[in-house]
Amino acid sequence: METLRGLSLDSKLPRLEFQMLWQHVLQVPRVWLIAHDGDPIAPEKLARFRELEARRLNGEPMAYIIGVREFMGRDFLVSPAVLIPRPETELLVETGLRHLQGRMAPRVLDLGTGTGAIAISIALDRPDARVLASDSSAQALDVAQQNAQTLGAAVEFFHGNWYDALPDVGAFDLIVSNPPYIAASDPHLRQGDLRFEPPSALTDNGDGLAALRAIAQGAGHWLASQGGLFMEHGWDQAAAVRGIMESSGFSRVASLPDLAGIERVTGGIYN
Ligand code: GLN
């Protein structure tokens with residue numbers, strides 16, 4: 001019979017991915033795999049592994065295969081209906097939370113919530129906040145709702161395009177968004193994980209700035225005095241987004257670098 005040790009020798013997967021798939025198939029922690037690497041593997045488990053291995057070797061993102069991705073230290077359910085949360089988006093959450101410091105019972109809005117990772121992370125860190133989130137995809141909202149329920153976050157979800165989805169709840173202290181910002185011409189859309197992710201979560205089918213522009217231009221109507229808007233954007237869009245925000249009536253407009261030193265989040269304050 002096959003063993004994990006034997007299988008690992010001729011698997012084409014990187015070691016970490018091999019382990020992640022086996023953890024998923026056997027529903028065990030990583031240390032278990034190491035302690036039991038000489039145990040015989042049941043044929044039906046091996047068949048299941050082979051299926052998932054083939055999908056991974058075909059380029060499908062690991063997060064879609066195992067159905068989960070970690071973000072801000074929590075496990076979020078993901079499906080092909082949603083963008084897979086990225087580590088750099090933690091900067092957007094941290095920036096939003098910093099803006100909320102010293103504001104009691106703030107109102108928060110996350111536009112294009114996808115998995116709900118941003119809204120849920122903020123709601124869990126600030127239980128006194130009222131957090132609303134919208135998405136134009138009903139399937140994405142199903143995923144977000146499940147995540148909110150599993151993680152115990154009180155987020156109110158709305159279906160529709162950006163602000164159109166919202167009830168008249170009054171002024172927000174914070175609006176955050178990680179909108180589709182990849183230009184239609186960007187070859188990255190046809191590479192790696194992005195090939196499998198929902199196009200509507202990645203690109204505006206134009207210059208990459210359309211969603212960032214629509215969110216910034218619409219924000220004034222929805223923000224409280226001294227409310228903040230912070231948006232994630234692409235590696236080369238910071239100056240353009242600062243320009244959009246300044247001409248949309250924002251002050252103290254600034255961009256923040258992610259862990260790789262790339263200006264990744266731009267925000268400002270509405271008077
Ligand atoms: N950060 C993603 C990427 O470049 C894109 C996400 C987005 O468009 N909001 O892979």
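Ligands are counted one by one from 1 in listed order, and the atoms in each one are counted from 1 as well.
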Handout entry: Any donor-acceptor N or O pair under 3.5 Å, side chains H159, S136
Key =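 There is no such pair between these side chains.
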
Exercise for the section: Could you verify whether a donor N or O on one side chain and an acceptor N or O on the other, from N147 and T150, lie under 3.5 Å apart? Expected result: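 Judged by distance alone, the side chains do not pair up.
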
Practice task
Determine, for E197 against R190, whether the closest basic-nitrogen to carboxylate-oxygen distance falls under 4.0 angstrom.
Solution key: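 The answer is no: the pair does not qualify as a salt bridge.
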
Practice task
List the atom of A144, the atom of T113, and the distance in Å for their closest heavy-atom pair.
Solution key: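 Minimum heavy-atom separation between A144 and T113: CB-CG2, 4.2 Å.
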
Practice task
Spell out, as yes or no, whether a donor-acceptor pair under 3.5 Å connects the side chain of D204 to the backbone of L209.
Solution key: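 Yes, the answer is positive, given that a donor and an acceptor are paired below the 3.5 Å cut-off.
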
Exercise for the section: Tell me yes or no: between the side chains of Q217 and S248, is some donor less than 3.5 Å from an acceptor? Expected result: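 Absent: no donor and acceptor within the cut-off.
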
Practice task
Check each protein residue for a heavy atom under 4.0 Å from ligand 1 and list those that pass, ordered by chain and number.
Solution key: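 Correct list: L83, R86, E88, N178, P179, P180, Y181, I182, L194, A201, L202, E232.
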
